[in-house]
Amino acid sequence: MEIIHVSAECYPVAKAGGLGDVVGALPKYQNRLGHVAKVVMPKYKVKFLDQNEFELVHESATYIGSYWFRYHILKEKTNKLGFDLYLIGIDGLTDRELIYGYDDDSERFLAFQIACLHWINQWAHVPDVVHCHDHHTGLIPFMMKYSYGLSKISGVRTVFTIHNGQYQGWMGWDKKYLLPDYDNWKGGLLEWNHMINPLASAVKCSDVVTTVSPSYMEELRHQANGLEKLFEYERGKCLGILNGIDNEYWDPRSDAMLNTNYDAKSFKLGKAANKAAICKTFGFNEEYPLFIFIGRLVGEKAAEILPESINRAIWEHDGKISILVLGSGDSNLERRLTDMKETYKGIYNCYIGYNESLAHNLYAAADFLLMPSRVEPCGLNQMYALRYGTIPMVRNTGGLKDTVIDIGTADFKGYGIVFNNPTVEDLVIAINRAVGWYGNNNDILEAVIPRIMAIDNSWERSAKKYIDIYK
Ligand SMILES: Nc1ncnc2c1ncn2[C@@H]1O[C@H](COP(=O)(O)OP(=O)(O)O[C@H]2O[C@H](CO)[C@@H](O)[C@H](O)[C@H]2O)[C@@H](O)[C@H]1O
């Protein structure tokens, strides 16, 4: 089967979060199952472009509204990612340093989607499946089915995966004229609540809609930033498939970014060495339990409860804990987290920004990972933490619910700390449990760590499930 993944992110080319991880791994595992999975994404101004070799495979021009634009397609030459990677370059629109955050993001991603389909429509053959990810590619299923100029691919099956249903790509109807001419009777399929809503349109027009965990699929029927009724109505074609992780890339035995590599046998020394290095860098006491938070500093991650929770936890434990935050997002929150560094020198620290290598070292060094998420479609951090022998502390929601079992349940088969509300109270109580565990029950911790490191959350199983739905 030939599968075309279309996405705004793909690690290691360009990543802002978990979407990049998934699109950088899933196609590789699908290829190993004997299929031909390819990735098409915008050509941003990123280091990956300069550090790798590409060949020009296509050049053409088409319209966005009445504006005629040229585009070109580069293919990475060596297949080093385990799949064919195609970058669509549109001068003035895709060639930016950041993936998102520009005033003309709607036009940028719309032009990317139009160019992508314009290209595929010119192939001598048609692919079996076009698999779109998140709202940046959400207008593709509609355009494939109803744009007059794309009739050659109108019968190709489409799958749409929701990694984050909070962002929907809303745009006003004034932008309707930017889409290639389509059957006007079908215009309602673009709309939700008087706006063009790419995510809603993809849910309506795709053959199958997936979310990245079964629990999140359930939750969307009750909480979907305005689309609850749509998910209820379309439930027949929606299903949740839990994300996997790339076990080869996220492997403490061979991870080249780590200070010290280790496995389930040498974890005690290995994690201690990594912890010592991080404690030295951030000025912490190695004796105390190290808590980390990694992620976007936004409401979905309940990041705004961090400052008060950190305050409270530090006071309750008399400063005998270490807490490190790695993330970026809301600028007020960034400032608050930065200001607190001075007050809690040696106890709390933060790194505001994106740092892939630091993230790897933190998963390896920490004792506990904090994930109080308000909404978590799947969550990869908790799975990386498990793989690196770090105990996840998660709110009971979405994919976190599907991947972490509380240590206090299920005949001691659990391995994490689970709490119910994204509140300061619940997070501090969870931290109290963790500190108690760390101080008094070190034997239990030592028994749990090799067990969590052996949990298989790899992509193999989920990659097969996607193939089944394509079939
Ligand atoms: N400042 C920083 N520096 C370095 N690395 C950082 C970082 N901030 C985040 N990361 C990394 O980005 C990834 C975050 O992935 P998540 O899946 O936890 O969240 P995200 O909300 O981005 O993804 C969305 O899509 C994914 C994929 O489907 C879902 O799992 C998730 O629930 C959904 O919200 C991890 O690899 C993490 O290490």
Side-chain angles (χ1 to χ4, degrees), residues 5 7-12 14-26 99-100 131-137 160-167 199 210-217 219-220 224-225 240-247 249-250 255 257 292-303 306 324-330 333-334 337-338 350-366 369-388 390 392 394-395 397-404 457 459 462-463 466:
H5 289 275
S7 170
E9 295 181 36
C10 172
Y11 185 81
K15 162 177 164 181
L19 169 64
D21 287 346
V22 171
V23 179
L26 172 61
I99 304 172
Y100 318 112
H131 188 153
C132 304
H133 298 265
D134 271 354
H135 74 82
H136 327 94
T137 58
F160 182 69
T161 295
I162 301 171
H163 300 260
N164 192 336
Q166 295 299 107
Y167 304 100
L199 190 104
T210 69
T211 56
V212 288
S213 71
S215 290
Y216 185 57
M217 190 78 256
E219 285 170 17
L220 284 176
N225 211 359
I241 299 179
L242 198 63
N243 279 339
I245 59 172
D246 189 340
N247 268 350
Y249 178 69
W250 292 93
D255 188 333
M257 295 187 205
I292 55 165
F293 172 96
I294 301 177
R296 294 177 293 116
L297 300 173
V298 294
E300 294 146 66
K301 304 286 179 194
L306 287 174
L324 184 64
V325 173
L326 164 62
S328 61
D330 179 83
L333 189 54
E334 287 183 355
L337 287 165
T338 306
C350 69
Y351 180 107
I352 301 297
Y354 185 89
N355 188 328
E356 181 82 16
S357 150
L358 179 57
H360 284 239
N361 279 289
L362 292 184
Y363 291 121
L369 169 84
L370 304 175
M371 278 186 95
S373 309
R374 192 163 278 120
V375 183
E376 197 59 85
C378 176
L380 299 171
N381 298 14
Q382 80 280 14
M383 296 200 256
Y384 297 146
L386 291 169
R387 180 109 173 112
Y388 284 65
T390 295
V394 305
R395 189 195 154 223
T397 188
L400 300 175
K401 198 171 172 175
D402 297 339
T403 51
V404 180
N457 277 318
W459 264 113
S462 301
Y466 278 108

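All ligand and atom numbering here is 1-based and tracks the order in the structure.
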Engineer: Ignoring hydrogens and angles, tell me if any N or O in the side chain of Asn361 forms a donor-acceptor pair with the backbone of Met257 under 3.5 Å.
Structural biologist: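 At least one qualifying donor-acceptor pair exists.
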Engineer: Could you check atom 37 (C) of ligand 1 against the protein and tell me its nearest heavy-atom contact, residue, atom and distance included?
Structural biologist: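 Result for atom 37 (C) of ligand 1: Asn381 OD1, 3.4 Å.
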Engineer: Going by the order shown, which atoms of ligand 1 are within less than 4.0 Å of some heavy atom of Val212?
Structural biologist: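 Close to Val212: 28 (O).
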Engineer: Taking all atoms of both residues into account, what is the closest heavy-atom pair of Gln166 and Glu300, and its distance?
Structural biologist: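 Looking at all heavy atoms of both residues, the closest pair is CG-CG, 3.7 Å.
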Engineer: Working to the nearest 0.5 angstrom, can you tell me the gap between His163 NE2 and Thr210 OG1?
Structural biologist: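 Taking NE2 in His163 and OG1 in Thr210, the distance rounds to 7.0 Å.
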Engineer: Counting non-hydrogen protein atoms only, what is the nearest one to atom 3 (N) of ligand 1? Give residue, atom name and distance.
Structural biologist: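 For atom 3 (N) of ligand 1, the nearest protein heavy atom comes out as Asn355 N, 3.0 Å.
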Engineer: Going from CD1 on Ile292 to CG on Leu324, what distance comes out if it is rounded to the nearest 0.5 angstrom?
Structural biologist: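 Between atom CD1 of Ile292 and atom CG of Leu324 there are 7.5 Å.
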Engineer: To the nearest 0.1 Å, how far is atom 5 (N) of ligand 1 from its closest protein heavy atom, and which atom is that?
Structural biologist: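 Result for atom 5 (N) of ligand 1: Tyr354 CE1, 3.4 Å.
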Engineer: Students should be able to answer this: which protein heavy-atom is nearest to atom 17 (O) of ligand 1, and at what distance?
Structural biologist: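 In this structure, atom 17 (O) of ligand 1 has Leu380 N, 3.1 Å as its nearest protein heavy atom.
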Engineer: Just to be sure I read this right, does ligand 1 sit under 4.0 Å from the backbone of Leu358, its side chain, both, or neither, counting only heavy atoms?
Structural biologist: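 Looking at Leu358 and ligand 1, no heavy atom falls under 4.0 Å.
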Engineer: Are a donor atom and an acceptor atom from the side chains of Arg387 and Asn247 found within less than 3.5 Å of each other?
Structural biologist: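 Yes - a donor-acceptor pair under 3.5 Å links their side chains.
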Engineer: Just to confirm my output: which protein heavy-atom neighbour is closest to atom 21 (O) of ligand 1, and how far is it?
Structural biologist: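 Checking every protein heavy atom, the shortest distance to atom 21 (O) of ligand 1 gives Arg296 NH2, 2.6 Å.
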Engineer: Is the ring pair Tyr100/His136 parallel, tilted or perpendicular, if the boundaries are 30 and 60 degrees?
Structural biologist: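 Correct class here is parallel.
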Engineer: Can you tell me how far apart CG (Leu326) and CD (Glu356) are? Round to the nearest 0.5 Å.
Structural biologist: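 Here the rounded value is 10.0 Å.
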Engineer: To the nearest 0.5 angstrom, please state how far the CG atom of Leu199 sits from the CG atom of Asp134.
Structural biologist: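 Result: 7.0 Å between the selected atoms.
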Engineer: Can you list the ligand 1 atoms lying under 4.0 Å from a non-hydrogen atom of Ala359?
Structural biologist: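 Listed by number with element, the hits are 4 (C), 5 (N).
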Engineer: Considering only heavy atoms of Gly295, which atoms of ligand 1 have at least one such atom less than 4.0 Å away?
Structural biologist: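 Answer, ordered by atom number: 8 (N), 9 (C).
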Engineer: Indicate yes or no for a side-chain donor-acceptor contact from Ser462 to the backbone of Leu242 under 3.5 Å, with no hydrogens or angles considered.
Structural biologist: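 Present.
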Engineer: If we only consider heavy atoms of Gly399, is any one of them less than 4.0 Å away from an atom in ligand 1?
Structural biologist: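 It does not, in that no heavy atom of Gly399 comes within the 4.0 Å cut-off of ligand 1.
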Engineer: Under 3.5 Å, N or O to N or O, is Cys378 touching ligand 1 that way?
Structural biologist: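 In this structure, Cys378 places an N or O atom under 3.5 Å from an N or O of ligand 1.
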Engineer: Of the protein's non-hydrogen atoms, which lies at the shortest distance from atom 36 (O) of ligand 1, and what is that distance?
Structural biologist: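 Heavy-atom neighbour on the protein nearest atom 36 (O) of ligand 1: Asp21 OD2, 2.6 Å.
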Engineer: Looking at Val22, which atoms of ligand 1 are within less than 4.0 Å of one of its heavy atoms?
Structural biologist: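 By the 4.0 Å cutoff, the relevant atoms are 27 (C), 28 (O).
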Engineer: Tell me whether Thr390 contacts the main-chain N or O of Ala366 through its side chain, where contact means a donor paired with an acceptor under 3.5 Å.
Structural biologist: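 Indeed, once roles are kept as given, a pair shorter than 3.5 Å links the two residues.
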Engineer: Is there a heavy atom in Tyr384 that sits closer than 4.0 Å to ligand 1?
Structural biologist: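 Yes; Tyr384 lies near enough to ligand 1 that a heavy-atom distance drops under 4.0 Å.
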Engineer: Tell me which protein heavy atom sits closest to atom 19 (O) of ligand 1, plus the residue, atom name and distance to 0.1 Å.
Structural biologist: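 In this structure, atom 19 (O) of ligand 1 has Lys301 NZ, 3.2 Å as its nearest protein heavy atom.
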Engineer: Can you find a side-chain donor-acceptor pair between Tyr11 and Glu9 that sits under 3.5 Å?
Structural biologist: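 No, Glu9 and Tyr11 have no side-chain donor paired with an acceptor closer than 3.5 Å.
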Engineer: Just verifying a value: how many Å separate Glu376 CD and Asn164 CG, rounded to the nearest 0.5 Å?
Structural biologist: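 Rounded to the nearest 0.5 Å, the CD-CG separation comes to 8.5 Å.
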Engineer: Would you please determine whether Gly353 falls within less than 4.0 Å of ligand 1 on a heavy-atom basis?
Structural biologist: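 Gly353: in contact with ligand 1 (<4.0 Å).
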Engineer: Atom CD of Glu219 and atom OG of Ser213: how far apart are they, to the nearest 0.5 Å?
Structural biologist: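 The distance works out to 7.0 Å.
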Engineer: Distance to 0.1 Å, residue and atom name: give those for the protein heavy atom nearest to atom 31 (C) of ligand 1.
Structural biologist: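 The answer is Glu376 OE2, 3.3 Å.
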Engineer: Check ligand 1 against Gly17 and write out every atom of the ligand that is under 4.0 Å from a heavy-atom position of the residue.
Structural biologist: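 Every atom of ligand 1 under 4.0 Å from some heavy atom of Gly17: 12 (O), 13 (C), 22 (O).
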Engineer: Specify whether Tyr388 and Tyr363 have parallel, tilted or perpendicular ring planes, treating 30° as the upper limit for parallel and 60° as the lower limit for perpendicular.
Structural biologist: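 Rings of Tyr388 and Tyr363: tilted, 30 to 60°.
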Engineer: Check for me whether Tyr363 has a heavy atom closer than 4.0 Å to any atom of ligand 1.
Structural biologist: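 Yes; Tyr363 lies near enough to ligand 1 that a heavy-atom distance drops under 4.0 Å.
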Engineer: Identify, by atom number and element, the atoms of ligand 1 in contact range of Leu19, meaning under 4.0 Å from any of its heavy atoms.
Structural biologist: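 Those of ligand 1 that fall under 4.0 Å from Leu19 are 25 (O), 27 (C).
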Engineer: Which of the listed options, Lys15, His163, His133, Gln382, holds the heavy atom that is closest to atom 24 (C) of ligand 1?
Structural biologist: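 Considering heavy atoms of Lys15, His163, His133, Gln382, the nearest to atom 24 (C) of ligand 1 sits in His163.
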Engineer: With a cut-off of 4.0 Å, which atoms of ligand 1 are near a heavy atom of Gly327?
Structural biologist: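 Counting from 1, the qualifying ligand atoms are 1 (N).
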Engineer: Please compare Gly379, Gly18, Pro377, Gly398 and report which has the shortest non-hydrogen distance to atom 13 (C) of ligand 1.
Structural biologist: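 It is Gly18 whose heavy atom sits nearest to atom 13 (C) of ligand 1.
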